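What follows is a set of notes on a single structure, which appears directly below.
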Amino acid sequence: SIQNKRHIIRSLGNIKDKGVAPILEKMLSSQDGEILGDIVRALAEIGATTSTESIALLENHDLAWVRESAIYALRKLER
């Protein structure tokens with residue numbers, strides 16, 4: 001289910017394994033809806049600074065959760 005997928009993505013962010021960053025970044029172009037917010041937050045938790053360009057494209061997304069997550073992720077990755 002989508003809820004399970006979202007939970008797994010959040011868990012990957014919590015693990016902080018940079019090895020999953022390319023997979024998560026690729027998911028940004030193949031997923032839609034609220035899961036995008038989970039993906040960008042996971043990338044931020046991992047510290048995937050190479051993903052900032054892809055994340056920035058979501059700052060104006062239609063869904064508030066995705067927009068807020070993109071802004072959060074970009075701020076966290078700029079530190």
Side-chain angles (χ1 to χ4, degrees):
S1 76
I2 190 68
Q3 291 304 330
N4 286 341
K5 192 183 251 187
R6 291 182 69 193
H7 179 70
I8 290 167
I9 289 168
R10 288 190 298 268
S11 295
L12 288 171
N14 291 336
I15 292 169
K16 298 184 181 3
D17 179 358
K18 289 191 181 204
V20 300
I23 297 164
L24 291 172
E25 187 168 350
K26 192 176 287 187
M27 288 179 74
L28 288 176
S29 61
S30 66
Q31 302 293 312
D32 60 1
E34 290 184 343
I35 196 168
L36 291 171
D38 300 311
I39 295 168
V40 297
R41 283 180 179 263
L43 287 165
E45 293 305 316
I46 290 168
T49 55
T50 59
S51 302
T52 55
E53 192 172 310
S54 299
I55 294 169
L57 296 174
L58 298 172
E59 284 185 289
N60 296 311
H61 195 275
D62 291 340
L63 295 174
W65 168 247
V66 177
R67 284 192 312 271
E68 291 164 7
S69 296
I71 292 166
Y72 164 83
L74 292 171
R75 287 184 182 151
K76 184 169 179 85
L77 291 170
E78 287 175 358
R79 289 185 206 160

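Since the model is a prediction, treat every value here as computed from it, not as a measurement. The residues of the chain are indexed from 1 along the displayed sequence. Hydrogens, waters and symmetry mates play no part in the numbers below; they use all other heavy atoms, side chains included.
- Summarising the geometry, atom CD1 belonging to I9 is positioned 12.5 Å from atom CG belonging to N14; distances are rounded to the nearest 0.5 Å.
- Counting heavy atoms of neighbouring residues, nucleotides and ligands inside a 6.0 Å radius, atom CG of D32 does not exceed 12 of them.
- The side-chain hydrogen bond (donor to acceptor under 3.5 Å, both in side chains) pairs that include a residue from residues 59-71 are R41-S69, where partners are two or more places apart or lie in different chains.
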| said: Go through it in stages, so that I can follow the logic: the residues are D17 and I46, the test is side-chain contact (heavy atoms from CB on, under 4.5 Å), and I'd like the CA-CA distance, side-chain angles, deciding distance and then a yes or no. | reply: CA-CA 6 Å; D17 179 358; I46 290 168; over 6 Å; no
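- Here the CD atom belonging to E78 is positioned 8.5 Å from the CZ atom belonging to R75, to the nearest 0.5 angstrom.
- Partners of Q3 according to the side-chain contact (heavy atoms from CB on, under 4.5 Å) rule, which considers only residues two or more places apart in sequence or in another chain, are S1, R6.
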Identify each donor-acceptor pair in which a side-chain atom of residues 24-31 lies under 3.5 Å from a protein atom, sequence neighbours left out, and give them as a table.
unit_1: E25; atom_1: OE1; unit_2: S51; atom_2: OG; d: 2.9
unit_1: E25; atom_1: OE2; unit_2: S54; atom_2: OG; d: 2.8
unit_1: S29; atom_1: OG; unit_2: K26; atom_2: O; d: 3.0
unit_1: S30; atom_1: OG; unit_2: M27; atom_2: O; d: 3.4

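- Here the shortest heavy-atom pairing between V40 and A70 reads CG2-N, 3.8 Å.
- More than 12 heavy atoms of other shown residues, nucleotides or ligands fall within 6.0 angstrom of atom NZ in K16.
- For T49, the side-chain contact (heavy atoms from CB on, under 4.5 Å) partners are L77, not counting sequence neighbours.
- Residues E34 and V66 share a closest heavy-atom pair of CA-CG2, 4.3 Å.
- By the criterion of side-chain heavy atoms lying less than 4.5 angstrom apart, applied directly or through intervening Ile, Leu, Val, Met, Phe, Trp or Tyr residues, L57 is not grouped with L43; the two fall into different hydrophobic clusters.
- In terms of hydrophobic clustering, with Ile, Leu, Val, Met, Phe, Trp and Tyr side chains grouped at heavy-atom distances under 4.5 Å, I35 and V20 are assigned to a common cluster.
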